[in-house]
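Along the sequence shown, residues carry numbers from 1. Quantities reported herein were computed from a predicted structural model and do not represent experimental measurements.
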Amino acid sequence: MLAFESPLVTSARTSTSCNVLLRELQQIWSDIGESEADKDRMLLQLERECLEVYRRKVEEAANAKARLHQSVAAKEAEVATLMAALGELNLHSPIQKEKKMAPLKEKLASITPLLEDLRTKKEERRKKFADIKNQIEKISGEISGYNYPNDTMISCLTLEDQDLSLRRLTEFQTRLQTLQKEKSDRLHKVLEYVNEVHLLCGVLGLDFAQTVSDVHPSLQRANQEQSTNISNGTFEGLEQTINKLKSERRIRMQKLKDIAGQLFELWNLMDSPQAEKNIFSRATSILRLSEPEVTEPGVLSTEMIEQASAEVERLTKLKASRMKELVLKRRSELEDICRMTHIKPDASTSVEKSNALIDSGLVDPSELLANIEAQITKVKDEALSRKEIMDRIDRWLLACEEENWLEDYNQDENRYNAGRGAHINLKRAEKARITITKIPGATGVDTGGLQADKETKRGGKEEMQGPKEDSRSAPDRERSHLWVKT
């Protein structure tokens with residue numbers, strides 16, 4: 001194996017070898033008998049051939065140097081481009097230091113591993129950018145409804161990938177996080193809308209799956225292959241659907257409330273049993289609820305409204321067949337109320353007249369019943385306005401009763417005799433005295449009225465004993481007369 005030596009040693013050895021070979025060649029030429037001219041000619045030719053070999057070797061070496069220089073320059077340029085693209089430009093790198101002093105082969109040997117490392121890093125960086133880009137494009141498309149989003153960041157990455165720096169990667173990651181946050185918020189809002197639609201469809205008895213499919217097929221929970229659409233169009237569709245369902249709920253609720261009110265009137269009028277009322281308890285329960293409080297499934301369905309309407313129609317027909325009985329019953333209730341409130345009932349709707357009018361067919365029983373209902377309402381209102389006066393009269397009558405009993409008790413000659421129940425009468429007498437002392441404050445009337453009532457009841461005894469002079473003043477006597485008349 002040949003070893004590399006210094007140029008001077010190699011040149012001396014080559015010169016010695018050439019001189020030996022030249023002397024040997026001249027000896028051969030002498031033995032052959034070559035002339036001096038031939039010898040000079042052949043030596044000149046030999047020198048030319050040697051120069052040609054050296055020239056060829058120099059050219060080959062120069063070409064090899066040029067190729068090495070070109071390769072080193074290309075790789076250095078690629079390294080500079082990659083470092084600039086990755087944002088890792090370093091002015092103090094080994095390439096900058098050895099650029100002028102190191103041989104080409106050393107430069108090539110040192111730059112090749114760095115270039116391969118930068119290429120690998122660039123490929124990894126491009127994969128990260130591509131992954132983030134795909135996610136940004138996907139989320140942007142979901143938000144915009146895949147209407148070719150105008151995202152300058154995505155367009156820039158698609159056209160040129162010369163800037164793969166960490167700074168730009170951070171910008172893309174920030175953009176992705178913003179879009180992911182917006183997507184999460186939109187998904188949450190869509191879920192709220194879908195839940196509200198589900199609740200309204202349940203209350204109205206509508207097909208939830210068909211309702212949300214009309215907005216967008218991806219809103220069906222059974223459709224797992226397609227991601228939920230979160231575009232503005234979906235939001236607008238859901239909002240319109242919710243408003244439409246709320247409007248329908250409002251209309252149906254008012255309709256069912258009207259029907260329920262009619263049911264209560266007919267039930268009260270017909271004295272319907274509780275078991276019959278319980279069948280429609282769901283329909284009548286909405287009377288005490290507001291719109292947002294109605295959440296029971298099917299309570300506002302068309303079937304529920306139709307059933308309640310059918311019941312109103314049935315009771316109305318039954319009411320028409322029993323109208324005469326209902327008129328007489330309500331007239332009896334009117335007389336009972338008038339009796340309790342000390343009001344004289346209207347004679348135009350008396351039992352005899354009502355029977356005569358119904359039998360003759362001159363008056364519609366419904367109108368007659370409505371007239372009696374109006375009279376009942378009027379009597380109740382008047383009784384309510386007289387309540388304070390009636391309470392005073394009741395207390396006054398009770399006091400009169402106690403005073404009369406005490407008067408009779410005081411005139412009883414045997415009231416002090418010991419006997420069965422004597423102690424009870426004694427206690428009642430004490431209680432009556434206390435009650436009588438409280439009459440003016442409790443009733444707000446003049447006790448002269450009580451005296452007048454007592455005098456009236458004792459009228460028989462006074463006639464037998466002769467007239468007794470009334471010691472009361474004229475105003476007291478007049479008030480007593482008025483109370484007794486009342």
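Between K183 atom NZ and T178 atom OG1 the span is 14.5 Å, to the nearest 0.5 Å. Atom CG in L204 sits 6.0 Å away from atom CD in E248 (nearest 0.5 Å). A distance of 9.5 Å separates CD of E276 from CG of L263, quoted to the nearest 0.5 Å.
Figure legend: cation-pi geometry between K133 and F172 absent, as NZ or CZ is not positioned both under 6.0 Å from the six-membered ring centre and within 45° of its axis.
Using modelled atom types, one finds no donor on one side chain facing an acceptor on the other under 3.5 Å when comparing D258 with Q262. E367 and N371 are not linked by any side-chain donor-acceptor pair at a separation below 3.5 angstrom, with hydrogens and angles left out of the test. Inspection of the N243 and E239 side chains reveals no N or O donor paired with an N or O acceptor under 3.5 Å. Side-chain N/O atoms of N232 and R186 include a donor and acceptor closer than 3.5 Å.
Across A260 and A283, no two heavy atoms sit closer than the pair CB-O, 4.2 Å. In plain terms, the two heavy atoms of I259 and V312 that are nearest each other are CG2-CG2, 3.6 Å. When every heavy atom of E293 is checked against every heavy atom of R288, the shortest pair comes out as OE1-O, 4.2 Å.
At least one side-chain heavy atom of T302 sits less than 4.5 Å from a side-chain heavy atom of R252. Put simply, the side chain of R331 reaches to within 4.5 Å of the side chain of L334, judged on heavy atoms. Looking only at side-chain heavy atoms (C-beta outward), E137 and S140 stay at 4.5 Å or farther from each other. Side-chain contact check for V197 versus L219: every heavy-atom pair is 4.5 Å or farther apart. Contact of the V203 side chain with the E296 side chain is not registered, since no non-hydrogen atoms from C-beta on lie closer than 4.5 Å. Side-chain contact check for M304 versus L300: every heavy-atom pair is 4.5 Å or farther apart. Counting heavy atoms from C-beta outward, L169 and Q173 have side chains that approach closer than 4.5 Å. In this structure the side chain of D131 never reaches within 4.5 angstrom of the side chain of K127, judged on heavy atoms.
By the 30° and 60° cut-offs, the orientation of the rings of F280 relative to W267 is tilted.
With respect to E311 and R314, a salt bridge is recorded, a charged nitrogen being found less than 4.0 Å from a carboxylate O. Here E124 does not pair with K128 in a salt bridge; the nearest charged N to carboxylate O distance is not below 4.0 Å.
At distances below 3.5 Å, not a single donor-acceptor pair connects side-chain atoms of S184 with backbone N or O atoms of K181.
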